[in-house]
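Okay, structure first, notes after.
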Amino acid sequence: MSIQSIRGMNDILPTQTPVWQSVENTLRSVLESYGYQEIRMPLLEATELFSRSIGEVTDIVEKEMFTFIDRNGDSLTLRPEGTASCVRAGIEHGLLYNQIQRLWYGGPMFRHEKPQQGRYRQFHQMGAETYGLAGPDIDVEMIAMTARLWRQLGLTDLQLQINSLGSTAARAAYRDQLVNYFSSHYNELDEDSQRRLQTNPLRILDSKNPNMQSLIDNAPLLLDHLDDESQTHFATLKTWLDELGIPYQVNPRLVRGLDYYNRTVFEWVTQQLGAQGTVCAGGRYDSLVEQIGGRPTPAMGFAIGLERLVLLLLHHQLQIPDKTPHAYLIMAGPGTLQQGLRLAESLRDALPHLRLLTHCGGGNFKSQFKRADKSGALVALVLGEEEMAQHQVTLKYLRQEHPQLRVGLAEVVDYLKPLLQLSNE
RNA sequence: GUGGGCGUAGCUCAGGUGGCUAGAGCUCCGGAUUGUGGUUCCGGUUGUCGUGGGUUCGAGUCCCACCGUCCACCCCA
């Protein structure tokens, strides 16, 4: 067996890259249309950054990070998510103090999980983070922005779920109540939930075990224990979502896995990706900046799982941009190669958007035409000895009923121009 | 980390209960057609049968272990 890629780390092959490029371009243009600026962070950070921000006892930190000791003896970790790095960079470069920032980033993230549909060890996210804004207005903006993303991409079957976790203090108080409640029913908890009681009690509410449902239904509700300010914040958010005509579902069981969230949390989910239905998720994290060593700064953000988005788009067989070549240059006979390469370069000068493949590797006309056809090109440009003697090129249309014709070298451009408009960019 | 399905040619897959040099379609290459692809016809190339061990006169087939992959649990984007 020859060397293979690392488990859960996939190559994205040429047949797939057009979808990825299309998704990335769409996301970028929407983010820019809301005035968000790109920030790029390293893939590698001090391990402590993640253990302090994501939470010591979360699964991510406890067993899913790619962590190693470098040559200096420092513990480094491949980023399992983007928010912590973004906050670190913001603090480090003075981007956050007394300022308002709207940022976005993209790139690979790493988690040592067992791969399955929509979940990989190296996966890609695009995310946005905002700083210095505490009100529900920015929450609405970010949710509306994600709604626009799906519209741009042509996705119609994503559902928005929202919830409020309340203030950090209210959340902690609720957590205590929940622990008390479930502890008094300890024997009715399944094995997973008994463990969650120690690690993340809010997660018990999310259990998929049907035997747990009645117990969960009777548990105290997070929304009943919100502090007044969070309640108002959440109510306003809902009103404004209504006004923008963005449908949502309040899901009182929605808790995000990472410790730093408070108040607004949201998820966009689909039924079409099997078990990994969350395509986009985020929320407020008003205390994280301070926790990592900055001045108290309200913050809100979300991340999108690109693999899941791409899977969804493939599911829907949405139109993706065509990258097949417009023309394929066939050259045969003494001296035609030099002449042909010159012609190809001049055509690329004249038509910057032209996708022109020049034949390499020799061969007779027949084999060259075969390659031309296989490339998907719309026309074959033929430069043989006869053409060369008359300073001409033969144009043969490979995809449409159209007789082939001979044109002068200088006129080729005029015949190629219409082809550029014909193919969808 | 736990559980289940699956590993045969570049791709998609056949190969009852063990039995000769392991097959098909597609792809690829060449020819029919020495300056014309895509259709048709003819011919050709392609394999440590995931890896290692075991049972057997004999293993692609049975047993064990490992690896990979897919799906689910857990968790999460």
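All figures in this text were calculated on a predicted structure; none of them were measured in a lab. A note on names: the letters A, B, ... follow the listed sequences, proteins ahead of strands, and every chain is numbered from 1.
Using a 4.5 Å heavy-atom threshold, the side chains of L347(A) and L381(A) count as touching. Two residues are said to be in side-chain contact when any heavy atoms from C-beta on lie closer than 4.5 Å; F50(A) and S85(A) meet this criterion.
Under the stacking definition used here (centres under 5.5 Å, planes under 30°), the residue F365(A) fails to qualify as stacked on the base of rU36(B).
Of the candidate nucleotides rC28(B), rU36(B), rC74(B), rU36(B) has the atom lying nearest to any side-chain atom of F369(A). Distances were taken from every side-chain heavy atom of Q4(A) (C-beta onward) to each of rG68(B), rG37(B), rG35(B); the shortest belongs to rG68(B). Considering only the side chain of Q117(A), rC71(B) comes nearest among rG37(B), rC71(B), rC73(B). Comparing rC75(B), rU36(B), rC76(B) against the side chain of T394(A) picks out rU36(B) as the nearest. When each of rG37(B), rC70(B), rA77(B) is scored by its nearest atom to the side-chain atoms of A281(A), the top-ranked nucleotide is rA77(B).
Among the heavy atoms of the strands, none lies under 4.0 Å from Y397(A). E387(A) comes within 4.0 angstrom of a nucleotide base, judged by non-hydrogen atoms across all strands. Looking at heavy-atom distances under 4.0 Å, A372(A) makes no contact with the nucleic acid at all. Looking at heavy-atom distances under 4.0 Å, Q368(A) makes no contact with the nucleic acid at all. Within the 4.0 angstrom heavy-atom criterion, no nucleotide atom of any strand lies near G333(A). Within the nucleic acid shown, Q276(A) comes within 4.0 Å of at least one base atom, counting heavy atoms only.
With no hydrogens or angles considered, no side-chain donor-acceptor pair links N218(A) and H185(A) at under 3.5 Å. When only modelled atom types and interatomic distance are considered, Q339(A) and R342(A) share a side-chain donor-acceptor pair under 3.5 Å. In this model, a donor atom of one side chain and an acceptor atom of the other lie less than 3.5 Å apart for N364(A) and S367(A).
A salt bridge links E92(A) to R88(A): one of the charged nitrogens lies within less than 4.0 Å of a carboxylate oxygen. A salt bridge does not link D190(A) with R195(A): none of the charged nitrogens is closer than 4.0 Å to a carboxylate oxygen.
For rU45(B) and rU40(B), the C1' atoms lie 22 Å apart once the distance is rounded to whole Å. Nucleotides rA59(B) and rG18(B) are separated by 6 Å at their C1' atoms, to the nearest Å. A gap of 15 Å separates the P atoms of rG58(B) and rC20(B), to the nearest Å. Between the P atoms of rA9(B) and rU46(B), the separation comes to 14 Å (whole Å). With C1' as the reference atom, rU51(B) and rC67(B) are 7 Å apart, rounded to whole Å. The P atoms of rG68(B) and rG50(B) are separated by 16 Å, rounded to the nearest whole Å. Remark: the separation of the C1' atoms in rU8(B) and rG25(B) is 15 Å, to the nearest Å. Nucleotides rG54(B) and rG47(B) are separated by 25 Å at their C1' atoms, to the nearest Å.
Considering L202(A), L197(A), L222(A) in turn, L202(A) is the only one that fulfils the side chain to side chain contact (heavy atoms under 4.5 Å, CB included) rule with L178(A). Residue R284(A) forms a side chain to side chain contact (heavy atoms under 4.5 Å, CB included) with just one option from V265(A), N262(A), L165(A), and that option is N262(A). Just one residue in the list Y105(A), W104(A), Y36(A) forms a side chain to side chain contact (heavy atoms under 4.5 Å, CB included) with E129(A), and that residue is Y105(A).
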Problem set entry | Base-pair map of RNA chain B as dot-bracket, where | denotes pairing with a different strand and pairs are Watson-Crick or G-U under 3.5 Å | (((((((..((((.....[...)))).(((((.......))))).....(((((..]....))))))))))))....
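When rounded to the nearest whole Å, the span between CG of N10(A) and P of rG68(B) equals 14 Å. Rounded to an integer number of Å, the gap from CG of L273(A) to P of rC71(B) is 11 Å. Atom NZ of K374(A) is separated from atom P of rU36(B) by 21 Å (rounded to the nearest Å). Distance NZ (K63(A)) to C1' (rC73(B)): 12 Å, rounded to an integer number of Å. Between the C1' atom of rC76(B) and the OH atom of Y260(A) lies a distance of 11 Å, rounded to the nearest Å. Rounded to whole angstrom, the span from the CD1 atom of I330(A) across to the C1' atom of rG37(B) amounts to 8 Å. The interatomic distance linking R371(A) (CZ) with rC29(B) (C1') rounds to 11 Å, in whole Å. Rounded to whole Å, the distance from CD on E386(A) to C1' on rU36(B) is 12 Å.
Looking at Q404(A), its side chain comes within 3.5 Å of the base of rU36(B) through a donor and an acceptor atom. Side-chain to base pairing of R308(A) with rC76(B): one donor and one acceptor N or O lie within less than 3.5 Å of each other. K396(A) contributes a side-chain N or O that forms a donor-acceptor pair with the base of rG37(B) under 3.5 Å. For R196(A) and rC74(B), a side-chain-to-base donor-acceptor distance below 3.5 Å is absent, hydrogens and geometry of angles not being considered. At a cut-off of 3.5 angstrom, counting only N and O atoms as typed in the model, there is a donor on one side and an acceptor on the other between the side-chain of D373(A) and the base of rG37(B).
Contacts of residues 121-129 of chain A with RNA chain B (heavy atom under 4.0 Å): F123(A), Q125(A). RNA chain B is contacted by R111(A), E113(A), K114(A) of residues 101-114 of chain A, taking any non-hydrogen atom closer than 4.0 Å.
Here L155(A) contributes atom CG and L149(A) contributes atom CG; the two are 10.0 Å apart, rounded to the nearest 0.5 Å. Here the straight-line distance linking atom CZ of F110(A) with atom OG1 of T77(A) works out to 12.0 Å at 0.5 Å rounding. One finds the CD1 atom of I216(A) at 6.5 Å from the CZ atom of R253(A) (value rounded to the nearest 0.5 Å). Going from atom NZ of K374(A) over to atom NZ of K370(A) covers 10.5 Å, rounded to the nearest 0.5 Å.
Applying the 4.0 Å criterion to OP1 and OP2 of rC70(B), one finds that Q116(A) has every side-chain N and O outside that range. Note on R7(A): a side-chain N or O is less than 4.0 Å away from OP1 or OP2 of rU69(B).
In this pair, H124(A) and W20(A) present their aromatic rings perpendicular. The plane angle is above 60°, beyond the 30 to 60° band.
Each of V279(A) and G274(A) was assigned the nucleotide of RNA chain B with the nearest heavy atom; the assignment lying further toward the 5' end belongs to G274(A).
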